[in-house]
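Take a look at the structure below.
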Amino acid sequence: MKILTKQFIVIYDEETKAIIVQLSDNVTTYCPNNYQSAEFDTAQELEDYISENNLVE
């Protein structure tokens, strides 16, 4: 399991591009091994990543 610590995170299924979790809190979050994740310092970086990778909610 991967530990995510930055303020803005997204956890998603790489095959379906479906977002599982999208947070903007300062909480320690764990990402299961079967999902992909990314973490960012700003909301704009998070939104750019979602757009560039065609992730859907």
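Position 1 is the first residue of the sequence, and the numbers go up from there. None of these values were measured; they are calculated from a predicted model.
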Could you state whether [X] and [Y] fall into the same hydrophobic cluster, counting links through intermediate Ile, Leu, Val, Met, Phe, Trp or Tyr residues with side-chain heavy atoms under 4.5 angstrom apart?
{"X": "Val27", "Y": "Val21", "answer": "yes"}
{"X": "Ile11", "Y": "Ile50", "answer": "no"}
{"X": "Ile9", "Y": "Tyr35", "answer": "yes"}

- Message: Do Leu46 and Gln22 have side chains that approach each other closer than 4.5 Å (heavy atoms only, starting at C-beta)?
- Response: yes
- Item | Heavy-atom side-chain proximity of Leu23 to Leu4 below 4.5 angstrom | no
Indicate the atoms forming the closest heavy-atom contact of [X] with [Y], along with that distance.
{"X": "Glu57", "Y": "Ile19", "result": "CG-CD1, 3.8 Å"}
{"X": "Phe8", "Y": "Thr42", "result": "CD1-C, 3.5 Å"}
{"X": "Phe40", "Y": "Lys6", "result": "O-CB, 3.5 Å"}

Atom pair [atom1] ([X]) and [atom2] ([Y]), whose distance is rounded to the nearest 0.5 Å:
{"X": "Cys31", "Y": "Met1", "atom1": "SG", "atom2": "CE", "value": "8.5 Å"}
{"X": "Asn34", "Y": "Glu14", "atom1": "CG", "atom2": "CD", "value": "11.5 Å"}
{"X": "Gln36", "Y": "Lys2", "atom1": "CD", "atom2": "NZ", "value": "8.0 Å"}

- Can you name the side chain to side chain donor-acceptor pair (under 3.5 Å) partners of Asn53, sequence neighbours left out? none
- Item | Contacts of type side chain to side chain donor-acceptor pair (under 3.5 Å), residue Tyr49, not counting sequence neighbours | Tyr12
